[in-house]
Enquirer: 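What follows is a structure written as structure tokens; I'll ask about it next.
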Amino acid sequence: MADWRGWGAWLVLCLGMTGCDGDDAPPPVASCETTGTCEPAPGAPPDAGTPDAGVPDAGTPDGGGAPDGGGAPGEGDGGSVPPEDGGTAPQPGTPGKTLWLNHERQPLHDLAASVGTTQDGSSLYTASIQGSASSFGRAEGEASHFELRRYTPQGGLRWTRSFALRSSDPESPMDVSGTLAMSVSTTGWLYLMTDVRHGVVSMDTPSSPLSGLALSRFNPEGRGEWSLPLGTLNETGMALVASRDDGAYVSVRASHPYSEALRCSPMENALYRISAAGTVVWRQRVSEPECGNFRAEAVSLTTLPDGGVALGGSFFGTVRTAKGTFTAQVESPFLARFSADGQMTWFNAFPSANGRVTSIGASAKGTLVAAGVMESGELQWGSQTLRDTRSFLLVAEATGTPRWVKSLGRSEKVVLAVEPAGRVVVSGLSRDYPHPESGASDPAQNPQLFARRFNLEGRELWNRFFLRAGGPPTLFSEQVMSAVPSGEGNGDTLLFGHFSHLEDFGTGNLFPESTDTFLLKLGPGDAF
């Protein structure tokens, strides 16, 4: 019976997707959970070494295994049958339980920015925007401030640091605005990227107050050490990640001054590597300066075991990189990698897809996981092709070689958390709504917050929905902004976001005051 379910699941999945090669049955490739070669058993440390040539650390390289995340032949997929749109019904296994929840209730808009943990999971930190005049992801007005918080692994608040925004024009206090991002190094150093316009913010460092784009470093107790203003050009911060040597990588979009010869203001995407002491180690272009708003934009970064960094985002028009020239008629996704010394080692473009990579992460062996969204077109990855997909999840070897790609159904604004051992939690908004009863549907197609857990073969382990009541079907304030493993090595995951309507995160209904932040810890379920 188990054999029949495995073959049946493969058949349904293949018929429901594009890119299945021929009508033959899939090759009998054993799963990582059967062989024990892909991920360590619970309690065992992950293999942090580099994969041997041709031997990936988990899952099946491109061209092998069952398509779209089904189990291998002879292995049941848990009895779920994905609907034709690519969504999946909840798995029969226990989904990730909400272990605890913190809800920050304030009268103005409060917006989540980032969550991070130390390597041992002993402390976790959040960065948020508090008291904004709007709910569109920016601090706006002098009533707003950036906020940094430290919590215990059980969700207890250790301390709070606030950094107020001040307008540069006393007669226009609402003109000041800013964005915020945070990343935590494995040893607990905190990096805050701030981008303040029409005003300043004081970060309690020797270089404060700060205006424009800047990077600041704080010790684990929240005391500022230094701030580094960035942007010899007009630069906007796009993404931040702490590096392996307690420094940081920063992605920026840069605008050059107007050129009479070119009759435009060329734009470029650049990557900074910043040392632990607050100096620029190098600045390298991801794409060369182009006119017509042609550019690449790396909006997500992840560090790799060798000290390098991987980038995910989108590109517009024609972009020139160290690995070639790429052209897209619409905004299209890309992935790239830089070595620790600033050399681009590969660049993978998806010019046939209209969309972007929104979040990336890496396992302890350097296997790269990326999630993104699509508006139209098709995404080709190795021998697989996705068409008419709202969002996707893909895996690449550390060399950039394709492994597999799968549809995430009708979901959007997706972010992911990748554990060192390789399992992945994807979170965002979904319109599939296969919960709480099998076959249930929401006639209004309202998006619901969700979290889904996969192994590195693409097999879904569980699917969790956080049900919302009220609000329009197109939302700007319901979002998981950041997700990370808890760092404790037990499969727990932290989700940090904001919401503006009645929501149940697993602890009963919550009523926000306006747009409120939430921080919750999910257990791994019974699949860890």
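In this chain, residues are counted from 1 in sequence order. Note that the structure is predicted; figures quoted are calculated from it, not measured.
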Enquirer: Tell me every residue that passes salt bridge (charged side-chain N to carboxylate O under 4.0 Å, His left out) with D195, counting only those two or more places apart in sequence or in another chain.
Expert: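 Scan of D195 (salt bridge (charged side-chain N to carboxylate O under 4.0 Å, His left out), adjacent residues dropped) gives R197.
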Enquirer: Can you pull the disulfide (SG to SG under 2.5 Å) pairs that have at least one residue in residues 187-248, sequence neighbours excluded?
Expert: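 Matches after skipping sequence neighbours: none remain.
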Enquirer: Kindly indicate, with the supporting measurements, whether the criterion salt bridge (charged side-chain N to carboxylate O under 4.0 Å, His left out) is fulfilled by R452 and E460.
Expert: CA-CA 7 Å; R452 297 169 69 178; E460 184 177 75; 2.5 Å; yes
Enquirer: Without swapping roles, check the side chain of R223 against the backbone of E221 for a donor-acceptor pair under 3.5 Å.
Expert: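 No; zero donor-acceptor contacts below 3.5 Å.
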Enquirer: I'd like to check the side-chain contact (heavy atoms from CB on, under 4.5 Å) partners of F294; sequence neighbours left out, ordered by chain and number.
Expert: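 With neighbours one apart ignored, the set is E290, T318.
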Enquirer: Under 4.0 Å between a Lys/Arg side-chain N and an Asp/Glu carboxylate O for R149 and E147?
Expert: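 Answer for the salt bridge query: yes.
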Enquirer: For a quick check under 3.5 Å, do S132 and Q130 share a side-chain donor-acceptor pair by atom type?
Expert: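 Result is no, nothing qualifies.
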Enquirer: Under the 3.5 angstrom rule, does the side chain of R390 hit a backbone N or O of V373 as a donor-acceptor pair?
Expert: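 No.
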Enquirer: Is there a donor-acceptor pair closer than 3.5 Å between any side-chain N or O of W346 and the backbone N or O of T401?
Expert: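 Absent.
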Enquirer: More than 12 heavy atoms of other residues, nucleotides or ligands under 6.0 Å from CD of Q284: is that the case?
Expert: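 Yes - once you tally the heavy atoms of other residues, nucleotides and ligands closer than 6.0 Å, there are more than 12.
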Enquirer: Donor-acceptor pair, distance only, cut-off 3.5 Å: does the side chain of S251 make one with the backbone of A298?
Expert: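 Yes, S251 side chain to A298 backbone: donor-acceptor pair under 3.5 Å.
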Enquirer: Under 3.5 Å, is there a donor-acceptor pair between the side chain of T321 and the main chain of S287?
Expert: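 Flag not set: sc T321 to bb S287 has no pair under 3.5 Å.
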Enquirer: Give a yes or no on whether the backbone of F450 and the side-chain of S427 come within a donor-acceptor separation of less than 3.5 Å.
Expert: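 Yes; judged by distance alone, with no hydrogens or angles, the pair exists.
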Enquirer: List the residues meeting salt bridge (charged side-chain N to carboxylate O under 4.0 Å, His left out) with D341, not counting sequence neighbours, and say none if there are none.
Expert: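 Per chain and number, D341 pairs via salt bridge (charged side-chain N to carboxylate O under 4.0 Å, His left out) with no residue.
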Enquirer: Go through the side-chain N and O atoms of T205 and S227 and say whether any donor and acceptor fall under 3.5 Å apart.
Expert: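 Indeed, the side chains of T205 and S227 share at least one donor-acceptor pair under 3.5 Å.
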Enquirer: So Y191 and F218, ring-ring contact (aromatic ring centres under 6.0 Å, His included) or not? Walk me through it.
Expert: CA-CA 6 Å; Y191 287 91; F218 292 77; 9.4 Å; no
Enquirer: Side chains of S185 and T187: donor-acceptor distance under 3.5 Å anywhere?
Expert: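 Yes.
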Enquirer: If a pair satisfies side-chain hydrogen bond (donor to acceptor under 3.5 Å, both in side chains) and one of its residues is in residues 300-310, list it, with sequence neighbours excluded.
Expert: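 Sorted result for residues 300-310: D306-R337.
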Enquirer: Taking atom OG of S128 and atom CG of L180, what is their separation to the nearest 0.5 Å?
Expert: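 The CG atom of L180 is 7.5 Å from OG of S128, to the nearest 0.5 Å.
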Enquirer: Checking S275 now: which residues fulfil side-chain contact (heavy atoms from CB on, under 4.5 Å) with it, not counting sequence neighbours?
Expert: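 Result, side-chain contact (heavy atoms from CB on, under 4.5 Å) vs S275: A277, T279, V281.
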Enquirer: Listed by chain and number, what are the ring pair (Phe, Tyr, Trp, His ring centres under 6.0 Å) partners of H198, not counting sequence neighbours?
Expert: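 H198 satisfies ring pair (Phe, Tyr, Trp, His ring centres under 6.0 Å) with no other residue.
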Enquirer: So do the side chains of V480 and K413 get within less than 4.5 Å of each other, counting heavy atoms only?
Expert: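 Side-chain contact under 4.5 Å: no.
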Enquirer: Between the main-chain N or O of G308 and the side-chain N or O of S339, is there a donor-acceptor pair closer than 3.5 Å?
Expert: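 Not at all, since once roles are kept as given, no pair shorter than 3.5 Å links the two residues.
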Enquirer: Can a cation-pi geometry be assigned to R217 and W189, taking NZ or CZ under 6.0 Å from the six-membered ring centre and within 45° of the ring axis?
Expert: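 Checked: cation-pi criterion met.
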Enquirer: So, taking the atom named CG in L461 and the one named CZ in R453, what distance separates them when rounded to the nearest 0.5 Å?
Expert: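 The distance works out to 6.0 Å.
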Enquirer: Give a yes or no on whether the backbone of A112 and the side-chain of H498 come within a donor-acceptor separation of less than 3.5 Å.
Expert: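 Yes, the answer is positive, given that a donor and an acceptor are paired below the 3.5 Å cut-off.
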Enquirer: Once salt bridge (charged side-chain N to carboxylate O under 4.0 Å, His left out) is applied, do any residues pair with R356, and if so which ones, sequence neighbours excluded?
Expert: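 Expected list: E331, E375.
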Enquirer: With V176, which residues qualify under side-chain contact (heavy atoms from CB on, under 4.5 Å), at least two apart?
Expert: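 Result, side-chain contact (heavy atoms from CB on, under 4.5 Å) vs V176: E142, L165, S167, V196.
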Enquirer: Roughly how far, to the nearest 0.5 Å, is CG of L148 from CE of M182?
Expert: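 It is 6.5 Å, given to the nearest 0.5 Å.
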Enquirer: Are Y272 and Y249 an aromatic pair, judged by ring center distance below 6.0 Å?
Expert: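 Ring centroids of Y249 and Y272 are no less than 6.0 Å from each other.
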Enquirer: Taking the side chain from R468 and the backbone from P447, do they hold a donor-acceptor pair closer than 3.5 Å?
Expert: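 Indeed, once roles are kept as given, a pair shorter than 3.5 Å links the two residues.
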Enquirer: Give a yes or no answer on whether the side chain of W226 reaches the backbone of L215 with a donor-acceptor pair at less than 3.5 Å.
Expert: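 Absent.
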Enquirer: Does CD in Q329 sit with more than 12 non-hydrogen atoms of other residues, nucleotides or ligands closer than 6.0 Å?
Expert: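 Not more than 12 within 6.0 Å, no.
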Enquirer: According to side-chain contact (heavy atoms from CB on, under 4.5 Å), who are the partners of P229, at least two apart in sequence or on a separate chain?
Expert: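 Result, side-chain contact (heavy atoms from CB on, under 4.5 Å) vs P229: none returned.
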Enquirer: Indicate yes or no: at least one non-hydrogen side-chain atom of F350 is less than 4.5 angstrom from one of Q380.
Expert: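 When only atoms from C-beta onward are counted, Q380 and F350 do not touch, as no gap falls below 4.5 Å.
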Enquirer: For residues 295-377, pull every pair meeting disulfide (SG to SG under 2.5 Å), keeping only residues two or more places apart or in separate chains.
Expert: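 Output for this query is empty, none listed.
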Enquirer: Below 30° counts as parallel, above 60° as perpendicular, anything between as tilted: where do the rings of F315 and F347 land?
Expert: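 Rings of F315 and F347: perpendicular, as their planes differ by over 60°.
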Enquirer: Write out all pairs satisfying disulfide (SG to SG under 2.5 Å) with one or both partners inside residues 265-312, taking only residues at least two apart or from two chains.
Expert: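 Every pair satisfying disulfide (SG to SG under 2.5 Å) with a residue in residues 265-312: C264-C291.
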